[in-house]
Each structure stands twice: as structure tokens, then as C-alpha cells.
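Following: one structure in C-alpha cells, then a few remarks.
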Amino acid sequence: MLLRELLMDLDIIDIRGCIDLGVESIAYDSRKVSKNSLFICIRGFKTDGHLYIRDAIINGAIAIITEEDTNINHVTVIRVKNTRRAMAVLANKFFDYPSEKLQLVGITGTNGKTSTSYMVKNILEKANNKVGVIGTIANWIGEKRIETKLTTPEAIDFQALLYKMLNKQIKYCIMEVSSHSLELNRVDGSNFRIGLLTNLSSDHMDFHNTVEEYRNSKKKLFSKTSYKNIINIDDKHGKIIFKEIKDYKTSLLTYGIDNRADIMAKDITLNLKGVSFQLYSPDYRGRIEISIPGIFTVYNALAAIAISHALGIEFKSIQEGLRDMAGIAGRMDLINEFKEFAVIVDYAHTPDALENLLKSTRKFAANKLITVFGCGGDRDKNKRAVMGEIAGENSDLTIITSDNPRTENPLEILAMIEEGIKKTPGRYFIVEDRRQAISLALRRAQKGDIVLIAGKGHETYQTIGNKNFEFDDKKVALETGREAGLLCLHKI
């Protein structure tokens, strides 16, 4: 594609050099630049693409998009006000506007995005559709799994994924849309057929200054939809957003349990094996069964049903898709091998998610609830004491341990969590080493107890300093349980 054509929709400050050049690829990482590439300088959290312009040129860049005035003269330099916005425009055009050619569904919210997206995936596949998924655990192009580092990829990677999906005849793409991606222009210019809010609670306060700012970032998704916006009307922030977007051109659909909604669940049954409820919706009614426990599973299922309803999927596929759901890695993930007590691994790493998880799990516990959790380093510090208090109030025993301390001192993180748990009558231990913490919880557990290992979920690593070390909560629980003789000989 000609550079001149790529630049047509950009807000350009200055151009130096020829723009009648053939661009064969675009990149924001100088290591991925090849012959005849356009290199876009992006300021990241750890480094700045402007520092790598010369590396990009050595690797084959023929033009540079920059926010800074540079003294580079032997390639074309285009200066813009915001390179992230420019990258979204360029990526969209370079890959020929892929979101216009498939059904793109965006799911945003603090909790439940991953579970909801996998439920929708299962429903659509039951209806014989090829589905793509972009999200936290992995990206999927049909049956092909692609590892991922970001919940929502950078604009170039995102548009490239959509382009690949189209080439594989994917009809629907279900994606998790993070507040970071909305604030950092990663999905700008994309056409979302449907946008959905699961819920919103305090999170990412290291990035957003206030909850209102966080909510406004999430709300940006609903200005990018062309057909239907869907809101959890039981969520207090959902109610606020509902009022703020009710005059948008896109039609609205609501779901909930406690408040009157378009799609509702009644007569809910919960147990450790799963949930069931009676569904009421504009087009169909019937019993829904899912083998994933927890009241939040009901909300996630209602979100998936609302999306499926908006896409015109028949009720039979919805029922079967939810009924046949396998467990989602690290989401209320029950380990079946333990003899006398239950062990559950879950990704809950926000105050709201942890509280919902503990209160829901408490209903199934025949005896004690033992919780193992920590908080990540280099992230929102204000939630640590809050989560400690939540754990202490809702657990019979809490073992505070390291999550991903990153570059922070793990003991300082644990001390902040302890400030909260000390406000409660809950018993607790502090065990910095996560393996030892899990082992202690399992050895303390008795018949009828539930051991809940929260915070890391599907992650298979622990970040200490700037390095990742292999660590899988589920795998470690099985290993330490086997060492203690706590496992069944056969899975139950």
C-alpha cells in the first residue's frame, strides 16, 4: 500500500520526505520491522519507541511516525500529535477495515469478561459457527489457540488478528475490551456490532485516577457499537452508564437478577457442582443449567444469553452451549482429585471479585472456608487492605501470600494486606512463599472444608522482580496434595 494512501486520514503536523513509497508492513516494535516497513513510535509503560528509531531504520523502515521532532533525514518522517491514535487509524486501513466484515462483540467490565466470552463462544459453536476470541487467557482463531500477553492487543496486533480471522472464514469475534485499550486507543476506528458491560468496581487505580475516570474509560466502548449495547442493570455503575447512553443511536438491552431487566434469571439453584435458573427473555423462556458454581456464573450466563439473543441465536443452542460448558481455566476451577475437601482455583484479584467469590463459595462449604491469596506488586496499592478485610470477614482461615510481587518488596505488600485483615476477627497466617502457603492450607483442611486459592487463576508463572518463574496454582496444589497424601487414587 502506498504511504500516501495510508496517511490520508491522519491529523498530521509535519511531513519530511517522500510519501510515494510502497509500505509492506507496519510495526511499533523495532525488532519486528522488516524491509519497507512503516515504524510507529509509541510511548509505553516501560520504554519509548522514539528511542528505537535508528534500530528500526537499520531493520528496514522507510518511514517513521513520531510525536517528536527528530533530526533523521534519510527516511520519511511524519509527525503527529498522538501516535497511538495514528496507529489505530493506520492499522485499520492497512488491514482493510476487518471489523466491518465480521460480527465483532466487545465485552468490558472489571470481572466476568473471560467467562462470558467463553460462554458465548460455546453457544455460537453449538449453532455451527466459526468463532474467534481475543482475551486474557488466549486468543483463538477457530480451533487454533494463540498465546497472548495483553487482554486487548495493541492496535496493529488487534487488526492483524481480525484480518487473519477473516481469512479463516470466522464469522464472529468475541473480545475482552480492557479500560487500558479504550483509553490508549487500541480499538479506535473499529466497528463493534455489540458492546456489553459486565460490572464495574475499583480496579486499575494505578492507571485511572478515580472510579469515575475508570467508568468513563469503559463507557467509551458504547460509542463504538453499531447495533446493540448491553448493560448489567444490577450493577450500580451499570445503572449510571445506562442513563448516560440511553440517548445513543444504538439500542439498549439489560440483564439482571434483582432489578427488572429485559433478560432475567429467577428460581436460582446453586451448589458446588454448578448453577441452574429459569430464564425470562423477550424471545424465549426455559431452564438453564451450567456446571460452573457461583452466583457470578448466573450473571455471566445472562450476559452470554443477552449477546446470543442480540445475534439471533436460537434457544436450543443457548441451552446446549451453556449446559455443555467445560470449566474455564482459573475461573471457579474445581480440582476433583482431593479426597475429603474441595479445592478451587480462581482468578479473583479485585476486591469485588474476591468478595463475590468468597460469599458464593461460603454457601457450599459444609465446614470451614480456607482462603489463600495475595496482591500483585506495581499495581493499585489501595485495594490491598480492602482485600485483606474482605478475606478476614468471609473466611474461617486466611493465608496471605505473594501473588506477582514484581519489583516491590513482597513483605511490604503482605503488611498492607494485613492492615485490613487485622480489622476482622478472622484467623490468618502470613506465608510469603506461595507454594508453602498452598501446602499449609491443604494440610490445615479437614473433611467438608473448601480451600480457595485466589488471585492468579489461569496464570502459569509468578513474576518476581523482572523475571517470570514457572508457577501454576492448580499444578502446585496437586503436587503438594500428593506429597501430603491428600489425593484420591482416581479422579471423582
Side-chain angles (χ1 to χ4, degrees), residues 1-44 47-102 104 132 134 139 141 144 146-150 152-170 173 181 184-191:
M1 179 177 286
L2 273 180
L3 178 59
R4 178 185 294 277
E5 295 173 1
L6 276 172
L7 300 178
M8 284 179 61
D9 297 322
L10 291 191
D11 186 10
I12 296 171
I13 296 174
D14 180 51
I15 298 177
R16 294 203 322 271
C18 177
I19 58 173
D20 290 315
L21 305 170
V23 174
E24 296 179 13
S25 66
I26 56 177
Y28 61 90
D29 184 336
S30 62
R31 295 166 297 184
K32 296 182 179 179
V33 168
S34 55
K35 184 179 178 182
N36 297 327
S37 285
L38 170 63
F39 178 63
I40 306 167
C41 302
I42 300 299
R43 289 189 174 91
T47 190
D48 185 344
H50 293 84
L51 300 173
Y52 301 95
I53 291 175
R54 294 189 184 279
D55 291 339
I57 293 170
I58 290 170
N59 290 337
I62 55 172
I64 310 294
I65 304 285
T66 177
E67 291 179 6
E68 299 177 359
D69 194 10
T70 71
N71 58 2
I72 302 294
N73 295 312
H74 50 289
V75 297
T76 300
V77 178
I78 303 102
R79 189 157 61 96
V80 297
K81 184 176 181 181
N82 186 318
T83 52
R84 284 192 172 276
R85 287 179 190 156
M87 181 164 70
V89 172
L90 292 165
N92 210 0
K93 182 176 286 190
F94 186 82
F95 291 103
D96 197 22
Y97 308 99
S99 65
E100 301 286 347
K101 301 168 187 176
L102 48 67
L104 180 62
I134 299 175
N139 298 327
I141 300 179
K144 182 181 179 181
I146 303 169
E147 295 302 321
T148 182
K149 293 181 179 179
L150 298 173
T152 309
E154 292 285 4
I156 292 173
D157 304 320
F158 169 50
Q159 298 296 341
L161 263 174
L162 296 185
Y163 181 77
K164 290 175 184 176
M165 288 180 187
L166 283 173
N167 288 339
K168 295 295 183 180
Q169 288 76 52
I170 298 294
C173 174
S181 71
L184 297 175
N185 311 101
R186 292 177 191 162
V187 296
D188 280 11
S190 299
N191 175 35

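Side chain of N92 to main chain of G189: a donor-acceptor pair is present (N/O by atom type, distance under 3.5 Å, no hydrogens or angles). Formation of a donor-acceptor pair under 3.5 Å by the K35 side chain with backbone atoms of E24 is not found in this model.
Atoms OH and CG, on Y52 and N59 in that order, are 13.0 Å from each other to the nearest 0.5 Å. Atom-to-atom distance recorded for I65:CD1 and T76:OG1 is 9.5 Å, nearest 0.5 angstrom. Between atom CD1 of residue I62 and atom CG of residue N36 there is a gap of 4.5 Å, rounded to the nearest 0.5 Å. Distance CG/L90 to CE/M8: 12.5 Å, rounded to 0.5 Å. Here the CZ atom belonging to R4 is positioned 9.5 Å from the CG atom belonging to L21, to the nearest 0.5 angstrom. In this structure, CD1 in I53 is found 5.0 Å from OG1 in T66, a value given to the nearest 0.5 Å.
Side-chain contact of N191 with Y97: a donor-acceptor pair under 3.5 Å is absent, judged by distance alone.
Of all non-hydrogen atoms in C41 and T83, the two that sit nearest each other are O-OG1, 2.7 Å. Listed here is the closest heavy atom pair of R186 and F158: O-CD2, 3.7 Å. Taking every heavy atom of both residues into account, G132 and I170 meet most closely at N-CG2, 3.4 Å. Closest approach of E5 to K93, counting heavy atoms only: O-NZ, 2.9 Å. The two residues A56 and S30 make their nearest non-hydrogen contact at N-CB, 4.0 Å. The minimum heavy-atom distance linking P98 with Y163 is given by the pair CB-N, 3.9 Å.
Counting heavy atoms from C-beta on, the side chains of V89 and M87 never come closer than 4.5 Å. Side-chain contact between S190 and Q159 is present, with heavy atoms from C-beta onward closer than 4.5 Å. Residues I156 and Y28 meet the side-chain proximity criterion, which asks for heavy atoms closer than 4.5 Å. In this structure, the side chains of R16 and D69 come closer than 4.5 Å at one or more pairs of heavy atoms. Counting only heavy atoms from C-beta outward, the side chains of I78 and L3 approach each other to under 4.5 Å. Residues T148 and D157 have side chains not in contact (no heavy-atom distance under 4.5 Å, counting atoms from C-beta outward). The shortest distance between side-chain heavy atoms of V23 and F94 falls below 4.5 Å. Side-chain contact check for I134 versus C173: some heavy-atom pair is nearer than 4.5 Å.
In D11, the CG atom is not crowded: 12 or fewer heavy atoms of neighbouring residues, nucleotides or ligands sit closer than 6.0 Å. Atom NZ of K101 has more than 12 neighbouring heavy atoms from other residues, nucleotides or ligands inside a 6.0 Å radius.
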Starting from the C-alpha separation in whole Å, work towards a yes-or-no answer on side chain to side chain contact (heavy atoms under 4.5 Å, CB included) for E154 and D29.
-> CA-CA 11 Å; E154 292 285 4; D29 184 336; over 6 Å; no

Show the numbers, then the answer: is there a side chain to side chain contact (heavy atoms under 4.5 Å, CB included) between K164 and I146?
-> CA-CA 12 Å; K164 290 175 184 176; I146 303 169; 5.8 Å; no

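Partner of E67 under the salt bridge (charged side-chain N to carboxylate O under 4.0 Å, His left out) criterion, chosen from R85, R43, R84: R43.
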